[in-house]
Amino acid sequence: MTTTTQLADLYTGVEQSAALIDVTCSREKVWPVLEAFEDVIPQAIIAFRVATNARHEGEFDCRFTIPRTVDPYERARDHGFVTPTGRPAESLLADIRSRCPIDSYGIDFGIVGGFRKIWIYFPGGHRQSLAELRDLPSMPPSLAENFAFFADRGLADKVDVVAIDYRSNTVNLYFTNFPDHLRRPAEVLAMHRATGMPDPSEQMLRFCEKSFGFYVTLNWDSPKIERIAFSVKTHDPLALPARLGPKIEHFLDSVAYGADDPKMVYAAMTSSGEEYYKLQSYYRFQARSRLDLMPSIDHGADAA
């Protein structure tokens, strides 16, 4: 199968899957991204993402992995997906590359909104320390402001992934191998209160007990943690204590790709008090996928 044929098949998969939640796929938005990364797509792990929140209504996200030999920011810039403006976010990937070992990358784009995010995956068994990340020149100062929040919970050396969202100007930090007690309702509640966020619902607290990881969102304009999200891997998302809504339930019942692969479900709480869920389904899955860590995309300070 030629690379062009694989791109066409992937485009069809995106188009058909997005239609399940009534989102129209624009070739002008999607094809340029696929074409820009056509050399890595044949080997990539590929996933789709949908969300329950109103802010994400009318969007459908696609993400895929990229080998460490390819600089995803440089390629996105060269193809006009990001425009340099001098913001610290534009230097963060280079700063991380200069100081930290990297296993691989991932990118994320919406079929309506276009290119959005780059993930940086650290090698398995070599989680990155928060102190190293905190001291990067382009890292948001909010990491230093909240350093004790992470250190007090045994997370100071457990960062698996960093994601840079160029559209919302935010950074996510992901933790998977975190202490078991942080999944308990009382601890989840305490974490939200410590960041000044509203209390999660009972439904979300029950969901978090099943989680294998969580992430936080930071930005350059606020000293606060903007969002906390917990992730669960499951073959049966509808069995989770989460109301996914009719569109996502229809998507789960109808999506043709990765029907037998595990799904990722995320429960998120933003600083504004919005609580919602996100579902990730695989178009092409591999065991022990690095995409297991990939969360979602939203807008503004609520971006994942």
Do the side chains of Lys210 and Pro241 get nearer than 4.5 Å, heavy atoms only?
yes

Do Asp165 and Asn169 make a side-chain contact, defined as non-hydrogen atoms from C-beta onward lying under 4.5 Å apart?
no

Cluster link Met204 to Leu189, ILVMFWY, side chain under 4.5 Å:
no

When every non-hydrogen atom of Pro198 is compared with those of Ser271, the smallest separation belongs to CD-O, 4.2 Å

SB check Arg193 Asp199 (cutoff 4.0 Å)
yes

Which of these passes ring-ring contact (aromatic ring centres under 6.0 Å, His included) with Phe175: Phe149, Tyr215, Phe150, Phe212?
Phe150

Ile120 and side-chain contact (heavy atoms from CB on, under 4.5 Å): which partner among Val159, Leu93, Val161?
Leu93

Checking Asp160 against Thr176: is there a side-chain donor and acceptor pair closer than 3.5 Å?
yes

Results of side-chain hydrogen bond (donor to acceptor under 3.5 Å, both in side chains) for Ser138 - residues two or more places apart only:
Asp95

N/O donor-acceptor pair under 3.5 Å between Thr195 side chain and His192 backbone
yes

Between Gln16 and Thr12, do the side chains contain an N or O donor and an N or O acceptor separated by less than 3.5 Å?
no

Do you know the tightest heavy-atom contact between Lys263 and Asp261?
NZ-O, 3.1 Å

Can you check side-chain contact (heavy atoms from CB on, under 4.5 Å) on Arg184 and Glu209, steps first, answer last?
CA-CA 6 Å; Arg184 297 171 188 164; Glu209 287 185 287; 5.8 Å; no

For a quick test of reading the model, state the closest non-hydrogen atom pair linking Val265 to Pro237 and the distance between them.
CG2-CB, 3.8 Å

Quick one: are Asp180 and Arg183 in side-chain contact, heavy atoms under 4.5 Å?
yes

Classify the side-chain pair Ser201/Glu275 by whether it contains a donor and acceptor separated by less than 3.5 Å.
yes

Ionic contact status for Asp39 with Arg75, cut-off 4.0 Å:
yes

Roughly how far apart are Leu92 CG and Tyr73 OH, rounded to 0.5 Å?
11.0 Å

Compute the ring centroids of Phe230 and Tyr266, then answer whether they are less than 6.0 Å apart.
no

Pair Phe214 and Phe178, ring centroids less than 6.0 Å apart:
yes

Any side-chain heavy-atom pair from His250 and Leu20 closer than 4.5 angstrom?
yes

Could you tell me whether the side chain of Ile45 reaches within less than 4.5 Å of the side chain of Tyr282, counting heavy atoms only?
yes

Evaluate the side-chain proximity of Leu252 to Leu279: yes if any heavy-atom separation is below 4.5 Å, no if none is.
yes

Can Arg87 and Glu90 be counted as an ion pair, charged N to O under 4.0 angstrom?
yes

Determine, for Phe122 and Arg127, whether the Lys NZ or Arg CZ falls below 6.0 Å from the six-membered ring centre while staying within 45 degrees of the axis.
no

Given Arg153 and Leu182, is the side-chain contact (heavy atoms from CB on, under 4.5 Å) satisfied, shown in steps?
CA-CA 8 Å; Arg153 291 168 173 80; Leu182 294 183; 4.1 Å; yes

Is it true that the NZ or CZ of Arg284 lies under 6.0 Å from the centre of Tyr257's six-membered ring and within 45 degrees of the ring axis?
no

Flag if over 12 foreign heavy atoms under 6.0 Å of NZ, Lys247
yes

Within the 6.0 Å centroid threshold, strictly below: Phe81 and Tyr166:
no

What are the two closest non-hydrogen atoms of Met269 and Pro200, and how far apart are they?
CE-CA, 3.8 Å

What's the spacing between Arg68 CZ and Ile102 CD1 if we round to 0.5 Å?
9.5 Å

Non-hydrogen atoms of Val188 and Cys208 that approach each other most closely
CG2-CB, 3.9 Å

Distance from Glu226 atom CD to Lys224 atom NZ, nearest 0.5 Å?
8.0 Å

Here the gap from Cys100 atom SG to Leu136 atom CG, rounded to the nearest 0.5 Å, amounts to 6.0 Å

Report yes or no: does Arg167 contribute a side-chain atom to a donor-acceptor pair with the main-chain N or O of Gly113 at less than 3.5 Å?
yes

Within the 4.5 Å heavy-atom criterion, are Met197 and Ile225 side-chain neighbours or not?
yes

Could you verify whether a donor N or O on one side chain and an acceptor N or O on the other, from Tyr174 and Asn172, lie under 3.5 Å apart?
yes

Aromatic ring centroids of Phe64 and Phe37 under 6.0 Å?
yes

Given side-chain contact (heavy atoms from CB on, under 4.5 Å), test Trp119 with Val162 step by step and report yes or no.
CA-CA 6 Å; Trp119 280 276; Val162 174; over 6 Å; no

After noting the C-alpha distance and the side-chain angles of Tyr277 and Leu240, does the key distance pass the side-chain contact (heavy atoms from CB on, under 4.5 Å) rule?
CA-CA 11 Å; Tyr277 294 87; Leu240 294 171; over 6 Å; no

Rounded distance (nearest 0.5 Å) linking atom OG of Ser129 with atom CG of Asp157:
7.5 Å

Distance-only, no hydrogens or angles: does the Lys233 side chain make a donor-acceptor pair with backbone N or O of Ser231 under 3.5 Å?
no

Counting neighbours of CZ on Arg27 that are heavy atoms of other residues, nucleotides or ligands and sit closer than 6.0 Å, is the number greater than 12?
yes

Pairing donors with acceptors under 3.5 angstrom, does anything connect the side chains of Tyr11 and Gln6?
no

Pair Glu274, Ser272: side-chain N/O donor-acceptor within cut-off below 3.5 Å
no

Any side-chain heavy atom of Leu10 sitting closer than 4.5 Å to one from Leu34?
yes

I need the Leu238 CG to Asp253 CG distance, nearest 0.5 Å.
6.5 Å

Is the centre of the Tyr283 ring less than 6.0 Å from the centre of the Phe48 ring?
yes

Indicate the atoms forming the closest heavy-atom contact of Gln128 with Pro101, along with that distance.
OE1-CD, 3.8 Å

Answer yes or no: are there more than 12 heavy-atom neighbours, outside Asp260 itself, under 6.0 Å from its atom CG?
no

